[in-house]
Every structure is written in C-alpha cells, then in structure tokens.
Amino acid sequence: MTLIGAPETDFDSAPGLLDGARDLELTAEHCNLAYWITQVAQGTLRGRGVTGHAESAPVPDFMKAPGPLREALVLELGYRSLSEDIATRLLAHYVANAPGVAELEFFATQLIDEARHARVFRNHLVELGMEPKTLLADIDEMAADYRRRVLQPVEDFTLDIVRDQRDFAGGVAVFTIVIEGVLAPAAELSERKWDPLDPAAGEISRGAAIDEIRHLTVGSSVLRDHLARYPEYRPRLIEILEAGRELWDAVPDREFVMHREELFQKGMHDHADIVGDYEIWPGRRMIETTPSERYDMAEYWTDEMAVARMEHMGLSDAVGILATGTKAPTAPPAETVAAAVAAAAERS
C-alpha cells in the first residue's frame with residue numbers, strides 16, 4: 001500500500017514545532033514503520049539525508065571564523081549532539097519494554113530520529129571547522145560540565161522509571177512531557193535564531209523540529225490512551241510529572257543557555273547587516289532582542305505547549321505542575337536597544 005504524502009512531514013509546508021505540537025493529532029498506529037520509511041526517510045529527509053540540510057543551504061564563511069557567533073553555535077550543537085546521543089541510548093529501553101507492535105515500531109523510529117539528530121549536529125560542527133578525528137573527544141571535553149550537572153540527573157531519572165521500574169507509560173511521560181516538552185521551545189528558538197545567519201544550521205534545526213512534532217504528539221496520544229484504559233494510573237502519572245518538574249527546577253540549564261545567548265548577542269550585532277530587519281517572532285526584530293528576552297520567550301512557549309498537550313491528555317487540572325507562569329516578554333525601551341546597537345557598532 002502506498003501512503004499519501006503526510007503534510008506534517010513535508011520539509012517546506014509542515015507546521016512549525018510549536019503549532020504542530022499544540023494542534024496535531026498523531027498516534028503510534030499511524031506513525032508506524034511504513035510511515036517513517038515513506039514520509040520521513042523518503043519525504044522530510046529527501047536531499048538532506050547526509051548532512052541534514054540541502055546542498056543549496058550554505059555555511060557562510062564568517063560562521064567558520066573564530067568569534068562569539070561561531071562559539072555560540074559550537075556550544076549549542078555540541079551540547080545538543082550529546083543530549084541526542086543519550087536520548088538514543090535511553091530509547092533502547094522504550095523499544096525493549098514496548099507493550100505492543102505499534103509502540104515498538106514508533107519508538108524504534110524515534111530512536112533512529114534521535115541518532116540522526118546527534119549525527120547531523122556533529123556533522124555541522126565539522127562544517128564549522130572542527131577536526132573530525134578528535135570531534136567526539138572535543139565534544140566530551142566542552143560539554144563535560146553540562147553533562148554532569150544537567151544531562152546526568154535527567155538520564156538517571158529516566159532510567160529509574162523506564163529501565164529499573166519498567167514503567168513504560170511513566171517513561172513516555174518523562175520523555176514526552178518532561179524532557180522533550182521542556183526542550184522543544186528552545187529548539188524552536190534555535191531554528192529561528194540561526195536561519196538568517198547560518199542557513200545550513202537553520203535547515204538542520206528545521207528537520208529536527210519536524211521530528212519532534214511527531215515525538216510530542218504521538219507520546220501524548222500514547223499517554224491519553226493509557227489513561228483511558230487505566231484511569232487508576234492517573235495518580236502515578238501526576239507523581240512522575242511533579243518529580244520531573246522538581247528535577248528541571250534543580251538542574252542549572254539556564255546558566256548554560258544564557259551563556260550561549262550572550263555569545264550569540266555579541267556575534268549577532270557583529271553581523272547586524274546580515275540580520276537586518278529579520279523578525280524572530282511576529283513584530284519583533286531579532287537584532288533588537290536581548291538574551292533574557294529570548295530565554296523568556298522560550299519559557300512562555302513551554303507553558304503554551306504544556307497547556308495544550310496536557311489538555312489533550314485530559315489533564316487540564318494538572319497544567320500547573322509544569323507551567324512556569326512566564327508571561328510573553330515585552331520589548332525593552334527603544335533607547336535601550338539603540339544604545340546596545342551603537343555599543344556593538346563601536347566594538348566592531
């Protein structure tokens with residue numbers, strides 16, 4: 001049977017991560033192995049299977065030159081590649097514990113998705129000029145503190161539930177709601193940030209975001225259906241969500257993100273002529289944003305997604321467990337922006 005093209009996997013017309021993760025309805029039965037082969041491998045990745053971006057998407061020479069902009073992207077991709085590598089290994093336990101064929105096939109494809117993300121993030125580091133022979137060691141060195149303080153607690157938390165307790169539904173909750181649900185808005189921000197400065201990085205992030213839409217929506221439907229069959233599981237799910245929120249409140253992720261955003265800020269102003277009037281979100285020129293404003297917007301998007309997906313699962317009354325209460329950031333006064341731009345121009 002030939003499957004009709006799935007619009008949510010079309011590289012050019014698929015919705016953005018936030019809209020897709022909020023609004024789409026996808027199930028494990030629908031997103032099976034045949035779907036992945038025909039719609040993802042032969043659809044989303046057509047012409048992008050090796051590097052994650054089309055040959056027509058260039059890596060500008062200025063992105064290969066030392067400076068804060070390149071450093072910001074190297075750190076981001078280094079950290080993300082390591083995160084995706086860990087995610088791939090964690091998902092092996094989801095495949096092993098899958099209760100049915102539909103779940104087995106879907107999580108097997110998610111495992112491949114995460115492995116591909118790690119690969120294309122690493123590949124782009126080489127495109128930025130990092131040495132291929134020492135790349136893995138260099139990533140381990142640059143991300144050692146991040147792995148120990150942020151990734152290791154999350155990995156331990158996930159393994160305890162899905163491997164040690166063999167709680168498949170709980171593991172899906174951790175991956176879908178806690179891990180990917182929290183990280184997805186930052187991935188959306190990444191795509192928007194890099195698109196005008198490094199088209200190749202923008203396409204790589206776009207392809208990963210299309211995958212994440214599927215991961216979030218299918219994971220949500222798995223949990224919704226599990227709760228419908230086993231309503232007595234609800235207290236256990238709430239317990240896991242509360243523990244997951246405590247975990248994210250404890251890990252110092254903001255520290256690492258803000259360091260990259262400050263580097264990005266310097267590099268963005270160094271290349272203000274390229275950024276131009278590009279809007280990072282409707283009505284907001286990227287050149288005028290601040291590191292804190294971009295971080296706060298990602299937090300706001302996290303809340304929006306949490307509300308939508310929790311309502312989808314019938315957990316509207318538990319939204320407060322994950323929602324941070326962050327309001328959409330307001331633009332700083334125009335004179336503050338003008339002063340920042342003028343200072344950057346003087347430095348360059």
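Nearest approach of Asp198 to Pro58, heavy atoms of both residues: OD1-O, 3.7 Å. Nearest approach of Arg254 to Ser292, heavy atoms of both residues: NH2-OG, 4.2 Å. The minimum heavy-atom distance between Val172 and Gly219, with the atom names listed, is CG1-O, 3.6 Å.
Atom CD of Gln39 sits about 4.5 Å away from atom OG1 of Thr9, to the nearest 0.5 Å. In this structure, CZ on Arg192 lies 14.0 Å from CZ on Arg284, to the nearest 0.5 angstrom. Rounded to the nearest 0.5 angstrom, Leu90 CG and Phe107 CZ are separated by 12.5 Å. Distance check, rounded to the nearest 0.5 Å: OG of Ser205 to NE2 of His124 gives 8.5 Å. Note: Ile177 CD1 to Leu216 CG = 10.0 Å, rounded to the nearest 0.5 Å.
Taking the six-membered ring where the residue is Trp, Phe256 and Tyr79 present perpendicular rings, their angle passing 60° and hence far from 30°.
Salt bridge Glu203/Arg206: absent, no basic N to carboxylate O contact under 4.0 Å. Salt bridge Arg149/Asp253: absent, no basic N to carboxylate O contact under 4.0 Å. Taking 4.0 Å as the cut-off between side-chain N and carboxylate O, Asp225 and Arg229 do not count as a salt-bridged pair. Taking the charged nitrogens against the carboxylate oxygens, Glu155 and Arg89 have no contact shorter than 4.0 Å, which rules out a salt bridge. Checked for salt-bridge contact, Glu261 and Arg294 meet the test: a charged N lies under 4.0 Å from a carboxylate O. A salt bridge links Asp113 with Arg214; the closest basic N to acidic carboxylate O contact falls under 4.0 Å. Ion pairing of Lys64 with Glu127 is absent here, as no side-chain N (NZ or NE/NH1/NH2) approaches a carboxylate O to less than 4.0 Å. Salt-bridge formation is not detected for the pair Asp140/Arg147: no Lys NZ or Arg NE/NH1/NH2 atom is positioned less than 4.0 Å from an Asp or Glu carboxylate oxygen.
With Met286 as the fixed residue, the side-chain contact (heavy atoms from CB on, under 4.5 Å) test singles out one of Leu197, Asp277, Asp195: Leu197.
In this structure, a donor-acceptor pair under 3.5 Å is absent between the side chains of His259 and Glu262. Counted by atom type alone, His312 and Arg224 present one or more donor-acceptor pairs between their side chains at under 3.5 Å. No side-chain donor-acceptor contact under 3.5 Å links Trp36 and Glu105. Glu212 and Gln110 share no donor-acceptor pair across their side chains, judged by distance under 3.5 Å alone.
Remark: the backbone N or O of Pro252 is not paired with any side-chain donor or acceptor of Glu255 at under 3.5 angstrom. When atom types are taken as modelled, the side chain of Arg245 and the backbone of Ile321 share a donor-acceptor pair closer than 3.5 angstrom. Between the side chain of Ser81 and the backbone N or O of Ala118 there is no donor-acceptor pair closer than 3.5 Å. Counting only distance, with no hydrogens or angles, the side chain of Arg309 and the backbone of Ala21 share a donor-acceptor pair below 3.5 Å. Checked by atom type and distance alone, the side chain of Ser190 never pairs as donor or acceptor with a backbone atom of Ala186 at under 3.5 Å.
In the hydrophobic clustering of this structure, Met258 does not group with Met297; members are Ile, Leu, Val, Met, Phe, Trp, Tyr whose side-chain heavy atoms approach within less than 4.5 Å, directly or through other members.
In this structure, Trp194 has its ring center under 6.0 Å from that of Phe264.
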